[in-house]
Amino acid sequence: MSGKDRFLGLDSSTQSLSAVLVDLDGAEVVAEASVNFEHDLAEYNCPQGVLPNANPLVKHSDPLMWAAALDALLTRMRDTGVDFSRLAGISGSGQQHGTVYLKHGFLARRNRSAAPDLAAAVRPFLSRRTSPIWMDSSTGEECAEITHAVGGPEEMQRRSGSPAVERFSGPQIRKFWKEATDSYEDTSVIHLVSSFMASLLTGVSAPIDFGDGAGMNLMNLADGAWDPILCAATAPGLAEKLPELVPSDTIVGPVSAYFVERYGVPPDTPVVVWSGDNPNSLIGVGGWAPGTPVISLGTSDTFFAAMREPRVDPQGYGHVFGNPAGGFMSLICFKNGALAREAVRDRFGLDWAGFETLLARTPPGNNGNMMLPYFIPEITPLVLEAGPVYVGTDEFREGRDAPAVVRAVIEAQAARLRLHSEWIEGRPTAVRVTGGGAANTGICRILADMFGVLVQRLDVGNSAALGAAMRAAQAVSGVSWQELSRKFAEPAPGGDVLPTPEIVRLYEADFLPKYRTLAGVK
Ligand code: XUL
């Protein structure tokens, strides 16, 4: 491989753009870096990665900020001495569902060469100034219209792997078409965050992979192509505005000259098609084969698992996406993940260590205190009006019992993950936990007890960026998923958390049935 054995994985997430650089021969992560949107790119006014909006259901972000983050991240890496000379390939991960709307001429060479940086190169070509992201819940009407036009929720699920979902790209595109028809018509291509970022890297309009494409309510799950009925039900002329759909190991092309000249990336470094953060994380935690489900505790909490056959959630909350390693994956997403944990932490002026100390002060089952943790509008189950619900003692309900409130949010989140993943076939023997929340052993203990299985953790915190680097290595050098997982995604020694049988029984016999009734889970 001409002495080049390093692969770069980038992760354009809700709150930051991060990088993991791996050395394939040495089987190690050689560099990690990150740019935080709120703190490092404050001029874009996106606290926690989201543009302020008076309507709590509307959540948009600034695509120029994502472009600027790519320059900021690579500058930071170059200036801290990261050596790109051995780079053999790049891929990436994007927060799923978010869309970027571009006019004709985006990425034409003459337009790019005149621009001083990536944000300036993109700015004149945005046909929609902002990008709706996965946190948006404002398209209920459009979901109903699309579902009706397609012939009902079952048909929607059968075709796309999911019912019509507020945050998915199709309903968002329909809303844009209805509200700003002229700008929609002025749009020549609609990218996902993943394909937008890959386009910036390559200087060509990049395709969308089956993993992320399945999160749009526009791709036919069975044949991996844009579904003409779904497209027609969404907006006129849509199929012509969508990038090509390709397998997740497709090489888009070489990195553009901009990155060679500015950051010293070797000319011709191949860029592999990007995917969504959940499909990438599936790879990054070694969950590519069925039997190893994953819980990711990030801005959103998600549960996902590789599947051989596409099975759909009878309750309509879960989704089926493409697995980058082939086949399918299930995905259940909860909006009240880190944001709910942070709301409780901040309410009592705690840091994470203090949060964990309080968690340990209350017994499993929380003396009967329970919470429905809807700090922001929720998607699983659908709750459009935010507001946590407290059931229990007066002290607890009035927020005077901090340890009980801390335990209630975590027990509720663990119960949600357990109850909403029951439709996925096969009881696991272990669950891999990743994301920022995985560092908190108290949280992992509650997950182990709620699922009644071993919890395994991994060394690399950013499994989406790591998964992207592993995908780049697989696509460029043909290394097997087994070997890549053995090198980079083995559970960390000492990271295991075992369930405690009496607590498992208590949750099973008492807590879970009560939570099921309170939350109305069937
Ligand atoms: C998945 C989902 C989120 C985003 C952001 O359906 O909406 O997990 O991908 O992480």
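Remember, it's 1-based here, ligands and their atoms both numbered in the order they're listed.
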**OP:** Nearest heavy atom to atom 6 (O) of ligand 1 wins, so pick from Gln15, His97, Lys335, Met135.
**Re:** His97
Original post:
Should the ring pair His319 and Phe168 be called parallel, tilted or perpendicular, given that the plane angle runs from 0 to 90° and is split at 30 and 60?
Top reply: tilted
Original post:
Is there a donor-acceptor pair under 3.5 Å between the side chain of Asp301 and the backbone N or O of Gly337?
Top reply: no
Original post:
Which of the numbered atoms in ligand 1 are below 4.0 angstrom from a heavy atom of Arg167?
Top reply: 1 (C), 2 (C), 6 (O), 7 (O)
Original post:
Would you say the side-chain atoms of Glu378 pair up with the backbone N or O of Thr380, donor to acceptor, closer than 3.5 Å?
Top reply: yes
Original post:
CZ of Arg347: more than 12 outside heavy atoms within 6.0 angstrom?
Top reply: yes
Subject >> Trace of the ring pair (Phe, Tyr, Trp, His ring centres under 6.0 Å) decision for Tyr101 with Phe176 >> reply: CA-CA 10 Å; Tyr101 300 74; Phe176 180 54; 4.8 Å; yes
**OP:** Record the part of Thr299 in heavy-atom contact with ligand 1 below 4.0 Å; permitted values are side chain, backbone, both and neither.
**Re:** neither
**OP:** Work out which heavy atom in Ala68 is nearest to a heavy atom in Tyr44; give both atom names and the distance.
**Re:** CB-OH, 3.5 Å
Original post:
Can you list the ligand 1 atoms lying under 4.0 Å from a non-hydrogen atom of Gln96?
Top reply: 4 (C), 9 (O)
**OP:** Mark up the atoms of ligand 1 that fall under 4.0 Å of a heavy atom belonging to Leu331, in ascending order.
**Re:** 1 (C), 6 (O)
Original post:
Where is the nearest protein heavy atom to atom 10 (O) of ligand 1: which residue, which atom, and how far?
Top reply: Asp277 OD2, 2.5 Å
**OP:** Can you sort out which atoms of ligand 1 are near Cys333, meaning under 4.0 Å from one of its heavy atoms?
**Re:** 1 (C), 2 (C), 3 (C), 6 (O), 7 (O), 8 (O)
Subject >> Backbone of Gly284 reached by a side-chain donor or acceptor of Ser281 within 3.5 Å >> reply: no
Original post:
Could an N or O of ligand 1 be found under 3.5 Å from any N or O of Gln95, whether backbone or side chain?
Top reply: no
Original post:
By number and element, which atoms of ligand 1 are closer than 4.0 Å to a non-hydrogen atom of Thr302?
Top reply: 8 (O)
**OP:** Give the numbers and elements of all ligand 1 atoms closer than 4.0 Å to a heavy atom of Ser300.
**Re:** 3 (C), 8 (O), 10 (O)
